[in-house]
Amino acid sequence: MASLDDLIASITANKDATDDLTARIEDTRQRAEDLLGAVTALGAEGVANAVMSVKDRLEQSASQNRATALQLEEAVNAAVAAKQA
C-alpha cells in the first residue's frame, strides 16, 4: 500500500519533470525564434510563416506545461495537508 510520503514524492517527481520539459520547450522555442530571424532576413516569407507557426505552438505547449506544473504543485500541497490531518 502506498503511503502519503510515496504519493508526495511521486507527484513531486512529476512536477520536476514538467519543469524540465518546460525548460526544453523554451530552448526549442528560442531556436525557432533564431531561425525565424534568419529566414526573415533572407526574405523567405513562406518558410518564415511556417516557422512562426511552430514558434507559436511551442509557446502554447510551454504555457500548458506550466499550467500542469501548477496543478501538480497544488496536488502536492493537498497531499501534504492530508498528511497533517
Side-chain angles (χ1 to χ4, degrees):
M1 182 160 117
S3 70
L4 281 171
D5 288 331
D6 293 338
L7 181 61
I8 291 167
S10 180
I11 297 168
T12 300
N14 287 324
K15 185 187 176 305
D16 292 345
T18 61
D19 292 341
D20 183 53
L21 179 57
T22 296
R24 290 174 184 230
I25 292 169
E26 287 297 336
D27 180 61
T28 305
R29 186 204 55 77
Q30 182 60 51
R31 290 172 189 242
E33 191 170 307
D34 293 346
L35 179 59
L36 178 60
V39 296
T40 299
L42 293 173
E45 186 176 324
V47 175
N49 289 337
V51 173
M52 178 65 83
S53 177
V54 170
K55 183 178 155 291
D56 290 345
R57 285 176 170 44
L58 289 167
E59 288 171 352
Q60 292 170 357
S61 295
S63 177
Q64 291 170 349
N65 202 53
R66 282 189 292 273
T68 298
L70 287 174
Q71 290 174 339
L72 288 168
E73 189 173 323
E74 290 171 1
V76 168
N77 292 338
V80 168
K83 184 177 173 181
Q84 294 172 349

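Values reported hereafter were calculated over all heavy atoms of this structure, with side chains retained and with hydrogens, waters and symmetry mates removed. This structure is a prediction, so every number in the text was calculated from the model and none was measured.
- With sequence neighbours excluded, the residues forming a salt bridge (charged side-chain N to carboxylate O under 4.0 Å, His left out) with D20 are R24, listed by chain and number.
- For the pair R66/L70, no side-chain contact is recorded, criterion being any heavy-atom separation below 4.5 Å from C-beta on.
- The hydrophobic clustering, which links ILVMFWY residues whose side-chain heavy atoms are closer than 4.5 Å, places V47 and L35 together.
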For this session: Could you give me the CA-CA distance, side-chain angles and deciding distance for L7 and I11, then say whether side chain to side chain contact (heavy atoms under 4.5 Å, CB included) is met?
Result: CA-CA 6 Å; L7 181 61; I11 297 168; 3.8 Å; yes

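- The backbone N or O of Q64 sits less than 3.5 Å from a side-chain atom of T68, completing a donor-acceptor pair.
- With values rounded to the nearest 0.5 angstrom, E26 atom CD is found 13.0 Å from R31 atom CZ.
- Within the 4.5 Å cutoff, the side chain of L21 has heavy atoms near those of the I25 side chain.
- Side-chain contact, D56 with Q60: no donor N or O sits under 3.5 Å from an acceptor N or O.
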Starting from the C-alpha separation in whole Å, work towards a yes-or-no answer on side-chain hydrogen bond (donor to acceptor under 3.5 Å, both in side chains) for N77 and E73. CA-CA 6 Å; N77 292 338; E73 189 173 323; 4.7 Å; no

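- Nearest heavy-atom pair across K83 and L4 is CA-CD1, 3.4 Å.
- Nearest heavy atoms, T22 versus A62: OG1-O, 4.3 Å.
- When the salt bridge (charged side-chain N to carboxylate O under 4.0 Å, His left out) test is applied to E33, the partners found at least two apart in sequence or on another chain are R29.
- Shown here for V80 and I8, the closest heavy-atom pair between the two residues is CG2-CD1, 3.7 Å.
- L36 is not connected to V54 by any chain of hydrophobic side-chain contacts under 4.5 Å among Ile, Leu, Val, Met, Phe, Trp and Tyr, and they are in different clusters.
- Panel note: side chain S61, backbone R57; a donor-acceptor pair is recorded below 3.5 Å.
- Contacts of D19 classified as side-chain hydrogen bond (donor to acceptor under 3.5 Å, both in side chains), with partners at least two apart in sequence or in another chain: K15.
- For the residue pair L58 and A32, the shortest heavy atom distance occurs at CD1-CB, 4.2 Å.
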